[in-house]
Amino acid sequence: MTPLLLIDTDPGVDDALAILMAHRHARIAGLGIAAGNVGLGHTVANALKLCDLLGAEIPVFPGCPLPLVHTATDAAHVHGADGFGDTGYLPSCRAAASEHAALAILRLSREHAGALTLVALAPLTNLALALRLDPTLPQRVPRLVVMGGAASGRGNTSVAAEFNVGFDPEAAAIVFSSWPRFELVDWELTMRHALDFERCEAWLAADDPRARFYAAISRKVRGFNRERGRPGVLAADALAMAVALDPGLVTAAAERHVAVELGGALTRGATVVDWDRRGGRTANARIVMAVDQARFEALVAGALGATV
Ligand code: RIB
Ligand code: CA
């Protein structure tokens, strides 16, 4: 059965690839939009532009413009000031929904009770609000796949914090402590499953509007990855989407308790994994430790109209 996805996202270049993958390989109930990579105005506009590109009638629900407690720095230095590589694309004429993302998450969880896979690709502000409004949400959502965290403390937005958790640690703490069992695709897994630069460029050369659009919006990020000496294109959200679309591509996982540091002077936003089960708390996360790279790349290439 083709999965039915509800995606919370802050497009964002890697978010865009994840959404292309979702459209190619699944059904999308809606896009909840968060602030994160760039401000909410841009992330909503980028989501609407993707709907234009796909010619898809996907509802886009604006969410929270700010983290729950403390302000945070965006990732415009990676994704561009507009979140899509500053290509100056022609904005969509579509309108976003008037319903808040947190309320849309709750409504769609009732309308599709037992059928949704919730994929969280952004700071968890919208999902945290939804949980505070209705703590029974997890009972209606069979799978929650979260892109976030750094399971062994190797962050990307600070020494110890990954961006999605680090941008709104309080929201992540609410989600991690309220959801009985979620699947976690962290930054360190993303580093282990980089997309080879040359293979990526071959996919982006496909004669397909999706490939052309993604080649344009990802040019800045791909350059950033090369300049930083990274092993390839680090597409965290695409990796999380691959796990959501094809759980069978997970080749290794660890069930552990994961918490979020809120107060540490050096470690605020860090995901603290109880690897040795010292804390006596029930595991709340299935931490993905390895995936089948070929199956991951086939899903990415297919979303761009390319073949591996
Ligand atoms: O750390 C990677 C995450 O932060 C991804 O979701 C990326 O889009 C950024 O939001
Ligand atoms: Ca994201």
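Remember, it's 1-based here, ligands and their atoms both numbered in the order they're listed.
Remark: side-chain polar atoms of N46 are paired, donor with acceptor, to backbone N or O of P11 under 3.5 angstrom.
Residue-ligand proximity, L121 to ligand 1, at heavy-atom distances under 4.0 Å covers atoms 6 (O).
Annotation: side chain to side chain contact (heavy atoms under 4.5 Å, CB included) contacts of R94 (sequence neighbours excluded): L48, C51, D52, E57, S92.
Counting heavy atoms under 4.0 Å from ligand 1, residue V13 does not touch it at all. The proximity of T190 to ligand 1, defined as any non-hydrogen pair under 4.0 Å, does not occur for either the backbone or the side chain. Within the 4.0 Å heavy-atom criterion, neither part of T157 lies near ligand 1.
The nearest heavy-atom contact from the protein to atom 1 (O) of ligand 1 is E162 OE2, 2.6 Å. When only non-hydrogen protein atoms are considered, atom 9 (C) of ligand 1 lies nearest to N37 OD1, 3.1 Å. In terms of protein heavy atoms, atom 6 (O) of ligand 1 is closest to D237 OD1, 2.6 Å. Ranking the protein heavy atoms by distance from atom 8 (O) of ligand 1 puts D14 OD1, 2.6 Å first.
Ring pair F213/Y89 is tilted by interplanar angle, where 30° to 60° counts as tilted.
The number of protein N, O or S atoms lying under 3.0 Å from the Ca ion (ligand 2) is 5.
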